[in-house]
Amino acid sequence: MMLSSFSERVWKVTKKIPRGSVATYKDIAYALHTKAYRAVGNALNKNPHAPIVPCHRVVKSDGGVGGFAHGTVKKITLLQKEGVIVKNGKVVEFEKRKVAFSSLR
DNA sequence: TGCCTGACTCAGT
DNA sequence: GACTGAGCCAGGC
């Protein structure tokens with residue numbers, strides 16, 4: 001068995017996303033050296049570390065907020081509290097809010 | 001063991 | 001610019 005399951009690795013990377021920044025499912029997958037974009041979303045959906053892992057900082061590659069276990073609205077609210085503006089379900093200046101790969105690795 | 005699903009992404013029309 | 005189909009991977013039944 002692996003030291004950490006795929007899901008655990010996803011959460012670990014997600015926790016590295018700095019406050020006020022966001023990362024995409026794609027970035028998370030790449031940081032784990034895989035292309036399992038959907039598996040990443042799956043892992044976050046089942047995320048048992050609700051407040052510990054900032055899963056609300058993970059969005060879609062086109063800037064969309066994606067989904068959230070507690071409701072998309074809640075996700076947007078949390079992001080805006082951290083200074084990330086969300087309009088029409090999309091992250092404003094998404095490209096600039098995106099965190100760098102090196103920060104995740 | 002094998003098929004289905006999913007908080008996705010990309011390419012083509 | 002928007003919609004559709006196909007591809008990708010891990011987890012669950």
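Proteins come first, then strands; the chains are lettered A, B, ... in the order of their sequence lines, and each starts at number 1. As the structure is a computational prediction, the values presented were derived from the model and not from experiment.
A:Lys26 places its NZ atom 20 Å from the P atom of B:dA7, with the value rounded to the nearest Å. Regarding A:Glu8, its CD atom lies at a distance of 15 Å from the P atom of C:dA10, rounded to whole Å. Atom CG of A:Asp62 and atom P of B:dC8 are 10 Å apart (whole Å). Taking atom CH2 of A:Trp11 as the reference point, atom C1' of C:dA10 lies 12 Å away to the nearest angstrom. Taking atom CG on A:Asn42 and atom P on C:dG12, their separation rounds to 8 Å, with Å as the unit. Going from atom CZ of A:Phe6 over to atom P of B:dG6 covers 17 Å, rounded to whole Å. A:Ile28 places its CD1 atom 16 Å from the C1' atom of C:dA10, with the value rounded to the nearest Å. Following rounding to the nearest Å, A:Asp27 (CG) and B:dC10 (C1') show an atom-to-atom distance of 15 Å.
For the pair A:Val99/A:Asp27, no side-chain contact is recorded, criterion being any heavy-atom separation below 4.5 Å from C-beta on. The shortest side-chain heavy-atom distance between A:Phe68 and A:Leu44 does not fall under the 4.5 Å cut-off. You'll find the side chain of A:Lys15 reaches within 4.5 Å of the side chain of A:Ile52, heavy atoms only.
Among the nucleotides C:dG11, B:dG6, B:dA7, the one closest to any side-chain atom of A:Lys75 is B:dA7. Closest to the A:Lys60 side chain, of the nucleotides B:dC10, B:dA7, B:dC8, is B:dC8.
Tested against A:His56 for a side-chain hydrogen bond (donor to acceptor under 3.5 Å, both in side chains), the candidates A:Lys74, A:Lys75, A:Glu82 yield a single pass: A:Glu82.
Classified by interplanar angle (parallel below 30°, tilted 30° to 60°, perpendicular above 60°), the ring pair A:Tyr37/A:Tyr30 is parallel.
The phosphate of B:dA7 (OP1 or OP2) has no side-chain N or O of A:Thr72 nearer than 4.0 angstrom. Regarding contacts with the backbone of C:dC9, every side-chain N or O of A:Thr34 stays at 4.0 angstrom or more from both OP1 and OP2.
Each of A:Tyr37 and A:Ser7 was assigned the nucleotide of DNA chain C with the nearest heavy atom; the assignment lying further toward the 5' end belongs to A:Tyr37.
The base of C:dG11 is not paired with the side chain of A:Arg38 by any donor and acceptor separated by under 3.5 Å.
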